[in-house]
There are 2 protein chains.
Amino acid sequence: MSAVQTHWLDPEQQADWRAYLVGSTLLMDTLDRELRQAHGISLGEYEILVRLSEMPGRTLRMAEIAASMRHSRSRVTHTVTRMEKAGLIRRETSPDDKRGVDATMTDQGWSLLTAAAHTHVTGVRAHFVDLAERADFTAMGRVMNAVSDQLVAENPTFDDIRDH
Amino acid sequence: MSAVQTHWLDPEQQADWRAYLVGSTLLMDTLDRELRQAHGISLGEYEILVRLSEMPGRTLRMAEIAASMRHSRSRVTHTVTRMEKAGLIRRETSPDDKRGVDATMTDQGWSLLTAAAHTHVTGVRAHFVDLAERADFTAMGRVMNAVSDQLVAENPTFDDIRDH
DNA sequence: TCCTGTTAGTTGAATGCTCAACTTCAATAG
DNA sequence: CTATTGAAGTTGAGCATTCAACTAACAGGA
């Protein structure tokens, strides 16, 4: 039997980890609330609009949305269903693969995005980007990229553990 | 009328911000899932146990739990209610202030924490701490502390905008 | 003492997310 | 060409979180 020793965090690492947890809670809550109050959409919905806006034809497959946000396919289905009801997105079966579904941003979605982008970017600056040294912010980006890379490498799609 | 110009993020900032969003989603989901599967508690519940374990008497007022985690009081009430049902926490009216409620970790809570801590710390290392240069991790801690400080300064308790 | 405002905490409805089961279609192995 | 396996997406139940309304208790002044 192998000894199951825990390699604890030292006090500094512990403090940084806790700062991350608390800061993230606060930051996400704030950005989400700002978008909801000003434009009636959540941060997650906003991020979907951003991704659609970057595509030619403002269209993306459901699975691609899920993959790029690392959300479960189920979650994306629920969110897009709501957004479709709100008139921000149109959905239609993909012509080349009848299993697939293309989500397309409507004009209404586009104009909402245009308005919401100001609120969002201003918030991200005020509560995050402009608070830090450029180098520190870059370092954080490096860390978070490493996190994604590692977790994605370990688990190509995540569907097997998160969806079914 | 003042011009409402948006100060957009440059491509690098945008990439770092997106890395943060995606990485956080992945990291939180993973740590939460690992704790749930191994011990049947969420990351939020785990964090409450940690905070209680650090107090003499393993006791903390509800409001203090909420403040230290930056969760809404309502959320803490719901979570603690569940944990009490599960036998991890005991709740009783505070002797000095009859409005207050003291949450105390039970022995069962303590032994669960003992077991879960290994899972948690191992996960935090594997998916986060050990992936980054020490200096980068410290930088990230600095950024997240700045985030907390700024948002807390702007909004001493958050109860006025989040609860109530 | 009583009135007002504030703080602590709870409640329940509405909303959003997760999880597992399911349908439909595609790919490919025989 | 068909039988199996895998992929894309949806569904609904259950659970967690938010939001607004509420009760109870303290605090401080008139």
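This is a predicted model, so every value here is computed, not measured. Every heavy atom of this structure was used, including side-chain atoms; hydrogens, water molecules and symmetry mates were not.
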Nearest-Å distance, [atom1] ([X]) to [atom2] ([N])?
X: Arg33(A); N: dA20(D); atom1: CZ; atom2: C1'; answer: 15 Å
X: Arg73(A); N: dT10(D); atom1: CZ; atom2: P; answer: 10 Å
X: Arg75(B); N: dA8(C); atom1: CZ; atom2: P; answer: 20 Å
X: Glu47(A); N: dG16(C); atom1: CD; atom2: P; answer: 17 Å
X: Ile48(A); N: dG16(C); atom1: CD1; atom2: C1'; answer: 13 Å
X: Lys98(B); N: dA27(D); atom1: NZ; atom2: C1'; answer: 16 Å
X: Asp102(A); N: dT10(D); atom1: CG; atom2: P; answer: 11 Å
X: Met28(A); N: dG16(C); atom1: CE; atom2: C1'; answer: 17 Å

* Structure fact -> By nearest-nucleotide position on DNA chain D, the 5'-leaning member of Thr77(A) and Arg36(A) is Thr77(A)
* To do: Starting from the 5' end of DNA chain D, give me the residue, Gly100(A) or His78(B), whose nearest nucleotide shows up first.
  =>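 The residue closer to the strand's 5' end, by nearest nucleotide, is Gly100(A).
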* Hey, does the side-chain of Ser74(A) have a donor or acceptor N/O within less than 3.5 Å of a partner on the base of dC17(C)? -> no
Pairs under 3.5 angstrom only: tabulate donor-acceptor contacts from the side chains of residues 56-63 of chain B to other protein residues two or more places apart or in another chain.
unit_1: Thr59(B); atom_1: OG1; unit_2: Gly57(B); atom_2: O; d: 2.8
unit_1: Thr59(B); atom_1: OG1; unit_2: Thr104(B); atom_2: OG1; d: 2.8

* Asked: Of the non-hydrogen atoms in Asp16(B) and Gly141(A), which two are nearest, and what is the gap between them?
  -> OD1-CA, 3.7 Å
* **Shortest non-hydrogen contact between Leu52(A) and Ile65(A), atoms and distance** => CD2-CD1, 4.3 Å
* Base, sugar-phosphate alone, or nothing: which one does Ser42(B) contact when heavy atoms must sit under 4.0 Å apart? ->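 Contact class for Ser42(B): none.
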* To do: Pick base, sugar-phosphate or nothing for Ser94(A), based on heavy-atom distances below 4.0 Å to the nucleic acid.
  =>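 Result for Ser94(A) = nothing.
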* Taking only N and O in the side chain of Thr79(A), is any of them less than 4.0 Å away from OP1 or OP2 of dC17(C)? -> yes
* To do: Specify the residue among Asp97(A) and Glu45(A) whose closest nucleotide of DNA chain C lies further upstream toward the 5′ end.
  =>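 Its nearest nucleotide being more 5', the pick is Glu45(A).
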* Comparing Arg82(A) and Arg99(A) on DNA chain C - which has the more 5′ nearest nucleotide ->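 Looking at the nearest nucleotide for each, Arg82(A) comes out on the 5' side.
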* To do: From the options His118(A), His39(A), His120(A), select the one residue that forms a ring-ring contact (aromatic ring centres under 6.0 Å, His included) with Tyr46(A).
  =>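 With Tyr46(A) as partner, His118(A), His39(A), His120(A) yield a single ring-ring contact (aromatic ring centres under 6.0 Å, His included), made by His120(A).
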* Short side-chain donor-acceptor distance under 3.5 Å, Arg99(B) and Ser94(B) ->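 No, because no side-chain N or O of Ser94(B) sits under 3.5 Å from a partner of the opposite role on Arg99(B).
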* Asked: Side chain of Val101(A): nearest nucleotide among dG9(D), dC17(C), dC25(C)?
  -> dG9(D)
